[in-house]
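Values reported hereafter were calculated over all heavy atoms of this structure, with side chains retained and with hydrogens, waters and symmetry mates removed. Index from 1, following the sequence.
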Amino acid sequence: MSDISIRRATADDSKRLTRLVRTSGAYRGDYAAMVEGYQVGGPYIEHHPVFVASDDGDGGRVLGFYALLVDEAELDLAFVADAAQGLGIGRLLMEHMTGQARAAGLASVRVVAHPPAEEFYLRTGAVRTGTVPPTGRIHWERPELRYDVA
């Protein structure tokens, strides 16, 4: 695999990030409703710190991304392309995210996880703090975790 770079996303990344979310293997079956019709829109990308991991720089293949909601101290989105799973991309993104959170003056970052992703967050330094009950189109409890970054 070539060099991986992490860069700030732009509105031009909207279609690629949306495609990554909608095609994620983690959201098949019972979980498909969560990403059906989901869009990572240009205004969202421009308003929030969204970072993309890619190979070969700006024009490279999108391997994953995350979105940090600084005002809420929450990781809103985190995805790694199915083909890039197990290559350390997610770990790189979480290390980058915690650095960005620290630079923004946050003490911790909340994560409401997709249940199959809980183990990943725990392996990358998050601690479980509870569960979030079902709401709206989500009919299952979700693990709530926290990264301490201060």
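In this structure, Leu69 is a member of the same hydrophobic cluster as Phe65, with clusters built from ILVMFWY side-chain heavy atoms closer than 4.5 Å. Taken together through direct or relayed side-chain contacts under 4.5 Å among Ile, Leu, Val, Met, Phe, Trp and Tyr, Ile45 and Tyr38 form part of one hydrophobic cluster. Linking ILVMFWY residues whenever their side-chain heavy atoms come closer than 4.5 Å, directly or via other members, places Leu92 and Tyr147 in the same cluster. Put simply, Val112 and Leu75 are part of two different groups of oily side chains (I, L, V, M, F, W, Y) that touch within less than 4.5 Å, one to the next.
Taking both residues in full, the closest heavy atoms of Arg102 and Val149 are given as NE-O, 2.6 Å, listed atom of the first, atom of the second, then distance. Of all heavy-atom pairs spanning Gly42 and Ala11, the tightest one is CA-CB, 3.7 Å. Heavy atoms only, all atoms of each residue included: Ala84 and Ile89 are closest at O-CG1, 3.9 Å. Between Pro49 and Val70, the closest heavy-atom pair is CG-CG2, 3.7 Å. The shortest non-hydrogen separation linking Ser108 to Ala73 is O-CB, 3.5 Å.
Not one N or O on the side chain of Ser24 forms a donor-acceptor pair closer than 3.5 Å with the backbone of Val21. Arg123 places no side-chain N or O within donor-acceptor distance of the main-chain N or O of Arg91, the cut-off being under 3.5 Å.
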Practice prompt. Start with the C-alpha distance between Asp13 and Arg19, add both sets of side-chain angles, then the distance that settles salt bridge (charged side-chain N to carboxylate O under 4.0 Å, His left out), and finish with yes or no.
Written response: CA-CA 10 Å; Asp13 292 308; Arg19 187 176 326 112; over 6 Å; no
Discussion item. Working note: Arg110 + Val132, criterion side-chain contact (heavy atoms from CB on, under 4.5 Å); need CA distance, chi angles, decisive distance, verdict.
Written reply: CA-CA 12 Å; Arg110 178 180 186 240; Val132 174; 3.7 Å; yes
Discussion item. Set out, in order, the CA-CA distance, both residues' side-chain angles and the distance that settles side-chain contact (heavy atoms from CB on, under 4.5 Å) for Arg16 and Arg61, then state yes or no.
Written reply: CA-CA 9 Å; Arg16 294 194 298 173; Arg61 185 173 48 133; over 6 Å; no
Practice prompt. Could you go through the side-chain contact (heavy atoms from CB on, under 4.5 Å) check for Val109 and Thr98 one step at a time?
Written response: CA-CA 8 Å; Val109 175; Thr98 56; 5.9 Å; no
Practice prompt. Determine, stepwise, if the pair Thr135 / Arg142 fulfils side-chain contact (heavy atoms from CB on, under 4.5 Å).
Written response: CA-CA 10 Å; Thr135 181; Arg142 293 170 290 156; 3.8 Å; yes
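In this structure, OG in Ser14 is found 5.0 Å from CD in Gln39, a value given to the nearest 0.5 Å. Separation of atoms CD (Gln100) and CG (Leu68) is listed at 8.0 Å; rounding is to 0.5 Å. Atoms CG and CG, from Leu122 and Leu145 in turn, are 5.5 Å apart once rounded to the nearest 0.5 Å. The OG1 atom of Thr131 lies 4.0 Å from the CD atom of Glu141; values are rounded to the nearest 0.5 Å. If you take NE2 on His96 and CZ on Phe51, they are separated by 5.0 Å, rounding to the nearest 0.5 Å. Expressed to the nearest 0.5 Å, how far CZ of Arg146 lies from CZ of Arg128 amounts to 13.0 Å.
By the 4.5 Å heavy-atom criterion applied to side chains, Pro134 and Trp140 are not counted as neighbours.
Side-chain contact check for Tyr66 and Asp76: no donor-acceptor pair (N or O, by modelled atom type) lies under 3.5 Å.
Checked options Val80, Val40, Asp82, Val62; the residue passing with Leu20 is Val62 (criterion: side-chain contact (heavy atoms from CB on, under 4.5 Å)).
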